[in-house]
Amino acid sequence: MAFYDELSEQEIIRRNSLEELRKLGINPYPAAEYPVTHTTGDILKDFENMSTKRAEVCIAGRIIARRIMGSASFFELQDEKGKIQVYVKRDDICPTEDKTLYNTVFKKLLDIGDIVGVKGIVFRTQMGEESVHTTELTLLSKSIRPLPIVKEKDGKVFDAVTDSEMRYRQRYVDLIINPQVRETFINRSKVINTMREFFNSKGYLEVETPILQPIPGGAAARPFVTHHNALDIPLYLRIANELYLKRLIVGGYNGVYEFAKDFRNEGMDRTHNPEFTVMEIYIAYKDYFWMMNFTEEMLEKVAIAIHGTTKITFGDKEIDFKRPFRRITMTDAIKEYTGIDITGKSENELRTICKELEVEVDDTMGKGKLIDSIFGEKCEEHMIQPTFIMDYPIEMSPLCKRHRNNPELTERFELFIAGKELCNAYSELNDPIDQLERFQEQLKLSEKGDDEAMFIDMDFVRALEYGMPTCSGMGIGIDRLTMFMTNNQSIQDVLFFPQMRPEKKPQKDNAEAYAQKGIPTEWVPILQKMGFNTVASLANVAAGKLFNDLCGYNKKNKLGLKNPSMDDVKSWVE
RNA sequence: CGGUUCGUAGCUCAGUUGGCAGAGCACGUGACUCUUAAUCUCGGGGUCGUGGGUUCGAAUCCCACCGAACCGACCA
């Protein structure tokens with residue numbers, strides 16, 4: 001019994017059921033394949049035909065509800081595609097005198113949460129419910145932990161589990177009891193597949209590049225650091241894969257793309273997880289105008305793949321992904337929302353403008369960051385419908401080609417939707433001398449105190465020195481795109497396992513530690529139940545009260561243990 | 001990192017002015033051969049997040065800590 005002490009009453013009952021099943025010769029975790037012929041979806045889709053033909057099916061899944069009557073019962077079986085009602089009649093599954101399988105196994109030893117196989121006939125009940133009439137019932141996996149019960153009637157859901165702690169920490173439970181969550185992740189996969197098929201149809205190559213990088217390049221962000229023992233060097237988890245993909249363009253591929261996990265050691269909130277998925281694509285001989293068209297086409301395809309239309313709902317907003325999207329330069333956007341023309345303004349003038357607009361700044365900010373702050377605080381939130389913001393200041397885009405008409409700017413665009421950045425793209429910088437100078441500018445910013453200025457990657461510069469074709473690249477946040485496409489407001493809802501602080505279990509001493517104090521093993525669970533989880537916690541406890549409590553507990557719960565003597569207890573608390 | 005809110009049975013949640021710890025579902029028992037949030041009988045189940053404090057007495061009031069959500073800060 002001591003072994004079971006940590007378990008709840010219901011868990012103990014289920015573990016006992018395991019033993020009962022084994023005694024009856026039923027393996028609760030059989031090894032053999034179960035010959036599934038249909039999913040619940042297959043049956044419901046073709047129900048009229050199958051029920052008329054009294055089709056025989058084998059289905060498998062989890063019991064999620066039971067309605068037991070005397071010698072006939074119904075339960076609901078849920079599989080990947082949905083759920084269907086199953087009818088079990090005692091004399092059908094127990095044709096002989098021995099009714100154990102129904103009376104004991106099905107009614108007593110099976111529970112909600114167990115995974116079973118059902119062989120039976122498709123039929124409709126008198127109440128009109130699509131059902132399967134069981135001829136053979138097989139236990140496939142016993143569940144010994146009770147599942148949260150969610151009930152439903154007429155589309156209304158009762159007692160749904162919304163506690164984010166359980167939903168994210170125990171995603172498997174979330175997926176079992178909240179079917180719309182499974183749907184979200186199916187759509188996430190569809191988003192990625194649609195993009196991949198689009199790229200492959202154009203002949204672009206899917207590639208893989210290093211996650212562990214000696215120089216974390218391609219973006220402005222704080223990296224995670226780790227250490228390689230054999231090489232005895234620090235390595236960084238990638239913050240972007242841009243520099244590697246461009247090396248491959250140098251190598252002669254016309255188009256390369258990668259769906260990549262990136263890692264950034266920064267804050268977490270509703271739109272940021274420390275690891276997240278980005279798709280980056282680079283295509284030779286193109287520029288950022290071409291890339292805008294390409295991006296529009298891609299997103300329109302994704303929206304149609306998920307919703308069958310370009311119009312989607314996101315929170316209280318309706319967003320239309322129909323081409324073409326609005327295009328506006330950053331300067332014009334700032335003019336539109338603040339009335340101020342920043343063209344040709346010096347760093348000091350920009351500082352003054354920020355002060356007037358009540359945009360927060362600090363001394364480490366250069367010209368580019370100041371402009372970005374104005375845009376971020378005054379403009380971003382207005383970009384609800386898909387909008388390309390073009391032509392960023394050169395200072396904040398060190399990997400981007402100078403604008404063909406204005407050397408202060410770069411040929412860069414970002415796509416904003418619902419006030420959030422979704423894509424980032426350039427006409428890629430391929431002038432190796434300019435690139436080295438821009439890296440050196442970053443070094444100066446870093447010396448000025450900007451802790452996310454880029455490192456200099458000399459090998460990347462060397463690659464450019466061999467010559468990279470003109471090229472356009474684009475990166476898109478897959479998690480955010482999925483949030484839009486599945487109408488989820490939180491990144492945690494589109495990641496199976498969002499990062500969370502680890503659970504902490506209260507520390508408990510084992511029985512041996514108590515034994516060293518002369519405390520018999522059988523009293524350990526009782527002491528722990530009373531809150532004395534460690535031997536140390538017993539120190540200086542009033543021996544008299546503890547003695548009374550222990551004897552009282554023994555009596556009240558009819559444990560039949562031999563009570564310790566007062567002297568014993570005194571020695572325990574010394 | 002700061003502000004707000006929350007943490008009570010396996011799950012969803014009540015809990016009044018500080019006065020015996022509650023309900024529904026789930027679980028156990030018994031009845032029931034077409035039920036569907038099945039129904040009906042009886043029953044068991046609690047470290048009230050953790051630790052301290054105030055009090056004759058704390059789920060409730062105070063402090064600290066742990067965890068979560070939201071809003072900011074930082075950050076793309």
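Since this is a predicted model, take the numbers as computed values, not measurements. Residue numbering restarts at 1 for every chain, and letters A, B, ... go by the order of the sequence lines.
Taking a 6.0 Å sphere around CD of A:Gln180, one finds it holds more than 12 heavy atoms contributed by other residues, nucleotides or ligands.
Look at the P atom in both B:C1 and B:C56: the space between them is 39 Å, to the nearest Å. The C1' atoms of B:A73 and B:A37 are separated by 46 Å, rounded to the nearest whole Å. The C1' atoms of B:U17 and B:U60 are separated by 11 Å, rounded to the nearest whole Å. Taking the C1' atoms as reference points, B:G22 lies 26 Å from B:G67, given to the whole Å. The gap from the C1' atom of B:G30 to that of B:C70 amounts to 49 Å, rounded to the nearest Å. Across B:U12 and B:U5, the matching P atoms stand 22 Å from one another, rounded to whole Å. The gap from the P atom of B:U4 to that of B:A9 amounts to 26 Å, rounded to the nearest Å. For the P atoms, the distance from B:A38 to B:G52 is 44 Å, rounded to whole Å.
Between A:Lys151 and B:A26 there is a side-chain N or O to OP1 or OP2 distance below 4.0 Å. In this structure, A:Arg67 reaches the B:A38 phosphate: one of its side-chain N or O atoms is under 4.0 Å from OP1 or OP2. OP1 or OP2 of B:G67 has at least one side-chain nitrogen or oxygen of A:Arg501 nearer than 4.0 Å.
Salt bridge A:Glu242/A:Lys246: present, at least one basic N to carboxylate O contact under 4.0 Å. Ion pairing between a basic and an acidic side chain is recognised when a charged N comes within 4.0 Å of a carboxylate O; A:Glu165 and A:Arg501 show no such pairing. Looking at A:Asp372 and A:Lys369, no side-chain N of the basic residue comes within less than 4.0 Å of a carboxylate O on the acidic one, giving no salt bridge. A salt bridge links A:Lys261 with A:Glu275; the closest basic N to acidic carboxylate O contact falls under 4.0 Å. A salt bridge does not link A:Lys420 with A:Glu380: every distance from a Lys NZ or Arg NE/NH1/NH2 to an Asp or Glu carboxylate oxygen is 4.0 Å or more. Salt bridge annotation for A:Lys99-A:Asp91: present, with a cationic side-chain nitrogen under 4.0 angstrom from a carboxylate oxygen.
Residue-level contact check: A:Asp163 touches the backbone only, with heavy atoms under 4.0 Å from sugar-phosphate atoms and none from bases. Among the protein residues, A:Lys108 comes within range of the sugar-phosphate backbone only, with heavy atoms under 4.0 Å from sugar or phosphate atoms but none that close to a base. Within 4.0 Å of A:Ala221, counting heavy atoms only, lie sugar-phosphate atoms of the nucleic acid but no base atom. Residue-level contact check: A:Arg169 touches the backbone only, with heavy atoms under 4.0 Å from sugar-phosphate atoms and none from bases. Counting non-hydrogen atoms under 4.0 angstrom, A:Phe123 reaches a base of the nucleic acid. Residue contacts for A:Arg264: at a heavy-atom cut-off of 4.0 Å it reaches the sugar-phosphate backbone alone, with no base atom in range. Contacts of A:Arg145 with the nucleic acid, taken as non-hydrogen atoms under 4.0 Å apart, are absent. Contact annotation for A:Ala219: no contact, since no heavy-atom pair falls under 4.0 Å across all strands. No engagement by A:Gln489 is indicated, since no non-hydrogen atom pair under 4.0 Å with the nucleic acid exists. Contact annotation for A:Gln85: base contact, defined as any heavy-atom pair under 4.0 Å involving a base atom. Residue contacts for A:Ile68: at a heavy-atom cut-off of 4.0 Å it reaches a base atom on one of the strands shown. Among the protein residues, A:Ser164 comes within range of the sugar-phosphate backbone only, with heavy atoms under 4.0 Å from sugar or phosphate atoms but none that close to a base.
When the P atom of B:C75 is taken as reference, atom CD of A:Glu266 falls 8 Å away, rounded to whole Å. When the C1' atom of B:U5 is taken as reference, atom CD of A:Glu165 falls 15 Å away, rounded to whole Å. A straight line from CD1 of A:Ile149 to C1' of B:C13 spans 16 Å, rounded to a whole angstrom. As a whole-Å value, the separation of A:Arg15 CZ from B:G10 C1' is 14 Å. When rounded to the nearest whole Å, the span between CG of A:Asp269 and P of B:C75 equals 12 Å. Here the P atom of nucleotide B:G45 and the CG atom of A:Leu7 are 17 Å apart, to the nearest Å. Residue A:Arg14 contributes atom CZ, which lies 9 Å from atom C1' of B:A26 at whole-angstrom precision. As rounded to whole Å, 16 Å separates atom P of B:C27 from atom CG of A:Asn16.
Checked against B:A69, B:U36, B:G28, the side chain of A:Thr125 finds its nearest nucleotide in B:U36. Closest contact between the side chain of A:Ala72 and the listed nucleotides B:U35, B:U33, B:C11 involves B:U33. Side chain of A:Met127, nearest nucleotide from B:U35, B:C74, B:C70: B:U35. Taking the side chain of A:Glu129 as heavy atoms from C-beta on, and the options B:U35, B:G28, B:A68, the nearest nucleotide is B:U35. In the set B:C27, B:A69, B:A37, B:A37 carries the atom at the smallest distance from any side-chain atom of A:Lys153. With B:U12, B:C74, B:C11 as the choices, the nucleotide that has an atom nearest any side-chain atom of A:Asp159 turns out to be B:U12.
Between A:Phe74 and B:A38, no base-stacking contact is recorded for ring centres under 5.5 Å apart and planes less than 30° from parallel.
Nearest-nucleotide positions on RNA chain B for A:Glu380 and A:Met500 put A:Met500 closer to the 5' end. Mapping A:Phe416 and A:Ser17 onto RNA chain B by nearest heavy atom places A:Ser17 closer to the 5' end of the strand.
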Start with the C-alpha gap between A:Phe388 and A:Ile328, add the side-chain angles, then the distance that decides, and say whether side chain to side chain contact (heavy atoms under 4.5 Å, CB included) holds. CA-CA 6 Å; A:Phe388 289 117; A:Ile328 182 172; over 6 Å; no
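Using the Watson-Crick or G-U wobble rule with both distances under 3.5 Å, B:G19 pairs with B:C56. For B:C11, the paired base is B:G24 (Watson-Crick or G-U wobble, both distances below 3.5 Å). Base pairing analysis places B:U41 opposite nothing; no Watson-Crick or G-U wobble pair with both distances below 3.5 Å involves it. B:C65 is paired with B:G49 under the Watson-Crick or G-U wobble criterion, all donor-acceptor distances under 3.5 Å. Nucleotide B:C32: unpaired (no Watson-Crick or G-U wobble partner with both distances less than 3.5 Å). B:G2 is paired with B:C71 under the Watson-Crick or G-U wobble criterion, all donor-acceptor distances under 3.5 Å.
In this model, a side-chain donor or acceptor of A:Glu9 finds a partner on the base of B:G44 within 3.5 Å. Residue A:Gln10 places a side-chain atom within donor-acceptor reach of the base of B:A26, judged by atom type and a 3.5 Å distance cut-off alone.
Using modelled atom types, one finds a donor on one side chain and an acceptor on the other under 3.5 Å when comparing A:Asp493 with A:Tyr168. Side chains of A:Glu11 and A:Ser8: a donor on one and an acceptor on the other come within 3.5 Å.
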